[in-house]
J.: 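Can you read through this structure? Questions will come right after.
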Amino acid sequence: VQLQASGGGLVQAGGSLRLSCAVSGRTFSSYHMGWFRQAPGKERNFLAAISLSGASTYYTDSVKGRFTISRDNAKNIVFLQIYNPKPEDTAVYYCAARRPSGSWPPSEWHYWGQGTLVTVSS
């Protein structure tokens, strides 16, 4: 499985931004998908996860209400919509995938994209 994140760039605070992660292979719907981010000088943190069909989503508390994860299984893409971005959202954003393990949300992820940089200006 190969993942490629895109959609990052420079955005003004208060706007809107949608990140995409394209996944290779014909078994995209067999993977839970997630988004993470790593701010400069900080650890990589979990943001959101979406289940195989998209019926279940999970968000870390700090992004609830501002971030939305979604997926298009016909196009092998997972999205992360960021509403009202803030300067503190500046980070490299990573998508990740894993097959179901029985736990939700997943605690470990097996496949990672290369990351896309989001810079939010005030």
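Scope of the values below: all heavy atoms of this structure, side chains included, with no hydrogens, waters or symmetry mates. Being a predicted model, the structure only gives us computed values, none of them experimental.
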J.: Are any side-chain N or O atoms of Ser51 and backbone N or O atoms of Ser56, one a donor and one an acceptor, separated by less than 3.5 Å?
T.: yes
J.: Does Gln38 CD have over 12 foreign heavy atoms under 6.0 Å away?
T.: yes
J.: When you compare the side chains of Gln81 and Ser16, does any donor N or O come within less than 3.5 Å of an acceptor on the partner?
T.: yes
J.: Rounded to the nearest 0.5 Å, what separation is found between the CD atom of Glu108 and the OG atom of Ser101?
T.: 8.0 Å
J.: What's the separation between atom CH2 in Trp35 and atom CG in Leu80, rounded to the nearest 0.5 Å?
T.: 6.0 Å
J.: Can the ring centroids of Tyr94 and Phe36 be said to lie less than 6.0 angstrom from one another?
T.: no
J.: Return the OG1 to CD distance between Thr119 and Gln12, rounded to the nearest 0.5 Å.
T.: 13.0 Å
J.: Using only atom types and a distance under 3.5 Å, with no angle test, would you say the side chain of Arg37 pairs donor to acceptor with the backbone of Val118?
T.: no
J.: Apply the test side-chain contact (heavy atoms from CB on, under 4.5 Å) to residues Gln114 and Gln4: give CA-CA distance (whole Å), side-chain angles for both, the deciding distance (0.1 Å), then the verdict.
T.: CA-CA 6 Å; Gln114 86 289 359; Gln4 184 163 356; 3.9 Å; yes
J.: Determine the minimum heavy-atom distance between Arg71 and Ser53, stating which atoms define it.
T.: CD-C, 4.3 Å
J.: Mind checking ring pair (Phe, Tyr, Trp, His ring centres under 6.0 Å) for Tyr83 and listing every partner two or more places apart, or none if nothing turns up?
T.: none
J.: Kindly say whether Gly8 contributes a backbone atom to a donor-acceptor pair with the side chain of Thr116 at under 3.5 angstrom?
T.: yes
J.: Transitively linked via ILVMFWY side-chain contacts under 4.5 Å: Tyr111 with Phe28?
T.: yes
J.: Which pair of non-hydrogen atoms, one from Met33 and one from Cys21, has the smallest distance, and what is that distance?
T.: CE-SG, 4.5 Å
J.: Heavy-atom distance under 4.5 Å between the side chains of Asp89 and Phe67, does that happen here?
T.: yes
J.: Under a 4.0 Å threshold between the charged nitrogen and the carboxylate oxygen, would Asp61 count as salt-bridged to Lys64?
T.: yes
J.: So Thr68 and Phe79, do their side chains get closer than 4.5 Å, heavy atoms only?
T.: no
J.: Between Tyr93 (side chain only) and Ser6 (backbone N and O only), is there a donor and an acceptor less than 3.5 Å apart?
T.: no
J.: To the nearest 0.5 angstrom, please state how far the CG atom of Leu47 sits from the OH atom of Tyr58.
T.: 12.0 Å
J.: To the nearest 0.5 angstrom, please state how far the CD1 atom of Ile82 sits from the CG atom of Leu17.
T.: 5.0 Å
J.: Check the hydrophobic clustering (I, L, V, M, F, W, Y; side-chain heavy atoms under 4.5 Å; chains of links allowed) and say if Val1 and Val78 are grouped together.
T.: yes
J.: Is it true that a side-chain atom of Arg66 and a backbone atom of Asn84 form a donor plus acceptor pair closer than 3.5 Å?
T.: yes
J.: Can the ring centres of Trp109 and His32 be said to be less than 6.0 Å apart?
T.: no
J.: For a quick test of reading the model, state the closest non-hydrogen atom pair linking Ser122 to Ala13 and the distance between them.
T.: CA-CB, 4.3 Å
J.: May I ask you to decide if Gly25's main-chain N or O and Asn76's side chain share a donor-acceptor pair within less than 3.5 Å?
T.: yes
J.: Return yes if some donor-acceptor pair links the side-chain N/O of Thr90 with the main-chain N/O of Val120 below 3.5 Å, else return no.
T.: yes
J.: How long is the straight-line distance from CD1 of Ile77 back to CG of Leu19, given to the nearest 0.5 Å?
T.: 12.5 Å
